[in-house]
Structures are given as structure tokens and as C-alpha cells.
Amino acid sequence: MIDAPSSRYGTLFLVSTPIGNLEDMSFRAIRILREVDYIAAEDTRHTGRLLQHFDIQARMESYHDHNKEGKTPRLLEYLKTGKNIAVVTDAGTPGISDPAFYLVRAAISQDITISPIPGPTAAIAALVASGLPTDRFVFEGFLPPKKGRQTRLKTLVDEPRSIIIYESPRKLMRTLTDLHTHLGDRPAVIAREITKKFEECIRGTLGQLAAQSENTTIKGECVIIIQGQGKKKRYE
Ligand code: SAM
């Protein structure tokens with residue numbers, strides 16, 4: 001039975017899914033996905049393979065960045081008629097650098113209960129494996145590709161906490177070069193392919209990592225972790 005609070009509305013479950021290793025799927029995630037009325041998925045083909053693996057029969061609705069405005073009213077209607085919906089993304093925790101945030105905000109504005117089903121997220125997995133300070137950190141997600149990029153980079157210069165940045169392999173070299181230019185040569189880590197066969201943490205300084213990404217193609221999904229300003233004495 002779904003563990004939803006009593007309400008005449010349904011519940012919006014945010015179900016975390018693996019970021020590369022199916023063994024990271026939680027028992028609760030499987031149960032909730034089996035029990036909900038609909039699953040809103042970023043990529044229905046991708047999620048279809050996950051559901052098949054765990055033998056989950058479910059009705060899926062596609063829900064991604066390009067259709068979120070159009071789809072949200074319908075999903076809210078389902079919830080208001082008492083249906084339970086789970087949101088999943090291609091990988092990790094819904095709402096972290098993906099469109100689930102938009103649906104969560106809309107659901108809250110209609111007094112719909114939000115229930116998180118915690119699980120993997122690349123940012124935290126990368127941070128804890130990096131060896132950089134974990135006592136305080138800031139999640140920057142993806143840097144803006146064009147407009148606002150310089151301004152964002154400038155705001156990071158004096159950031160004292162460890163900085164977590166998402167990047168696609170295609171743009172990794174440019175981003176490392178920009179970070180090196182703005183933040184200087186300080187300790188940093190590229191955590192790539194976390195939980196997958198070729199998982200690795202490449203440790204060095206921003207200058208070394210930028211040079212390495214110029215000389216060899218660093219493949220796969222990546223998280224960049226950078227040491228905050230002023231941590232040198234304490235952690236080196
Ligand atoms: N919601 C996801 C989460 O909880 O981490 C993040 C979605 S975001 C669109 C995708 C980005 O997450 C990738 O570009 C990469 O920076 C990071 N990422 C996802 N899976 C990863 C993995 N297995 N290893 C390293 N980074 C990963």
C-alpha cells in the first residue's frame with residue numbers, strides 16, 4: 001500500500017533511480033513505482049528499460065524540459081482526482097538539474113503532498129569520493145553555456161565551500177579551462193562514470209585537469225568538484 005498521507009488528493013512521489021548501476025535501485029522505489037497510477041518520466045524509452053528490468057507494469061507519461069508547461073496541468077488534474085504519480089528522471093534524484101522542480105512547485109501551489117523517495121544523486125556521490133571538504137559545499141549544477149557564464153564564474157572565485165558542478169563530456173574541456181582561468185590553480189576532482197564499469201576520480205589541480213582534458217578525451221558523464229577558497233591550510 002502506498003504510504004501517502006490522508007488527503008483526497010493523490011501524492012506526487014519523487015522517486016530516485018540509479019545513476020548507472022541497477023543494483024542501486026531501492027526496494028521502496030520499486031514498490032512505489034509498482035503502486036502509483038502514473039509515472040512521469042523524462043525519457044519513456046529509458047525508463048521503460050528500468051521498469052522492464054524490475055518487472056514493473058506502469059502507465060507512463062513523458063515529462064521533460066520541452067513539454068513541461070503543457071503537461072503540468074494534466075498531471076495536476078490526475079493528482080486532484082486522487083491518483084498517485086511518481087516522477088523519475090533518466091538518472092538520479094528528480095529535481096536536481098532536471099524538470100521535476102517545475103512540477104513540484106506547481107503541485108505545492110495546489111496543496112498536493114510531495115513525498116521524496118531518496119536514492120542516488122551524482123553530486124553527493126562525487127563529493128564524498130572526491131576527498132575534498134564535505135563539511136560545507138555548494139551545488140552549482142550546470143554553468144550557463146553563454147549568457148551569465150562569466151558572471152557565475154566570478155561569483156565562485158571567493159566561494160569558501162567545496163563547489164559541485166555538472167558537465168557533459170562534450171563541454172568538459174572548455175569548462176575546466178574557464179574554471180582554471182577564473183578560480184586559479186587549486187585542487188579539483190573529476191568524478192566520472194560513477195557506479196559504472198569505468199568509474200574513476202581524476203584528482204589534481206584545475207590547471208592539471210584542464211591540461212589533461214586537452215590532451216586526452218575524458219569520456220562519460222562527469223561531476224567536477226573544486227576546493228573552496230581559503231581551505232588550503234586546513235586540508236592540504
Ligand atoms: N538528477 C540527476 C542527479 O540526481 O544527479 C542529475 C541529472 S543532470 C541532467 C545529468 C548530469 O549529472 C550529468 O551531466 C553529469 O554531470 C551528472 N551525472 C549523472 N550520472 C552520472 C554518473 N554516473 N557519473 C558522473 N556524473 C553523472
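In what follows, every heavy atom counts, from backbone to side chain, and hydrogens, waters and symmetry copies are set aside. Just so you know, ligand 1 is whichever comes first in the structure, and atom 1 is the first atom listed for that ligand.
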Considering non-hydrogen atoms of the protein only, which is the closest contact for [atom], and what is the distance?
{"atom": "atom 26 (N) of ligand 1", "answer": "Val223 CG2, 3.4 Å"}
{"atom": "atom 18 (N) of ligand 1", "answer": "Ala122 CB, 3.4 Å"}
{"atom": "atom 4 (O) of ligand 1", "answer": "Thr121 OG1, 2.6 Å"}
{"atom": "atom 9 (C) of ligand 1", "answer": "Ser97 O, 3.2 Å"}
{"atom": "atom 22 (C) of ligand 1", "answer": "Ile194 N, 3.7 Å"}
{"atom": "atom 25 (C) of ligand 1", "answer": "Glu221 O, 3.2 Å"}

Just go through [options] and tell me whose heavy atom is the nearest to [atom].
{"atom": "atom 2 (C) of ligand 1", "options": "Gly119, Ala91, Ser16", "answer": "Ala91"}
{"atom": "atom 6 (C) of ligand 1", "options": "Asp90, Asn21, Thr89, Ile96", "answer": "Ile96"}
{"atom": "atom 5 (O) of ligand 1", "options": "Tyr166, Phe142, Phe139", "answer": "Tyr166"}

In terms of ring plane angle, is the pair Tyr78 and Tyr38 parallel, tilted or perpendicular, where the classes change at 30° and 60°?
-> parallel

So how far is it from Leu33 CG to Ile39 CD1, rounded to the nearest 0.5 Å?
-> 4.5 Å

Under 4.0 Å from any heavy atom of [X], which atoms of ligand 1 are there?
{"X": "Thr93", "answer": "1 (N), 3 (C), 4 (O)"}
{"X": "Asp98", "answer": "1 (N)"}
{"X": "Ala191", "answer": "25 (C)"}
{"X": "Gly92", "answer": "3 (C), 4 (O)"}

Between Pro120 and ligand 1, is there a nitrogen or oxygen pair with a distance under 3.5 Å?
-> no

Polar-atom distance check: Thr195 versus ligand 1, any N or O pair below 3.5 Å?
-> no

If you measure only the distance, is there a donor-acceptor pair under 3.5 Å linking the side chains of Tyr9 and Thr81?
-> no

Are Thr175 and Arg149 close enough that a side-chain donor and a side-chain acceptor fall under 3.5 Å?
-> yes

When you look for heavy atoms under 4.0 Å from ligand 1, do you find them on the side chain of Lys196, its backbone, both, or neither?
-> side chain

Which part of Pro94 is near ligand 1, with near meaning a heavy atom under 4.0 Å away: side chain, backbone, both or neither?
-> neither

[X] with [Y]: basic N within carboxylate O range, under 4.0 Å:
{"X": "Glu221", "Y": "Lys196", "result": "yes"}
{"X": "Arg74", "Y": "Glu61", "result": "yes"}
{"X": "Arg31", "Y": "Glu35", "result": "yes"}

Would you kindly confirm whether Leu172 and Leu206 end up in one hydrophobic cluster when ILVMFWY residues are joined by side chain heavy atoms under 4.5 Å apart?
-> yes

Is Lys68 close enough and on-axis enough to Tyr102, meaning under 6.0 Å and within 45°, for cation-pi?
-> yes

Test Leu51 against every option in Gln57, Met60, Arg34 by the side chain to side chain contact (heavy atoms under 4.5 Å, CB included) rule and name the one that passes.
-> Met60

Test item, Cys222 contacting ligand 1 (heavy atom, 4.0 angstrom) = yes

Considering residues, nucleotides and ligands other than Arg152, do more than 12 of their heavy atoms fall under 6.0 Å from its CZ?
-> yes

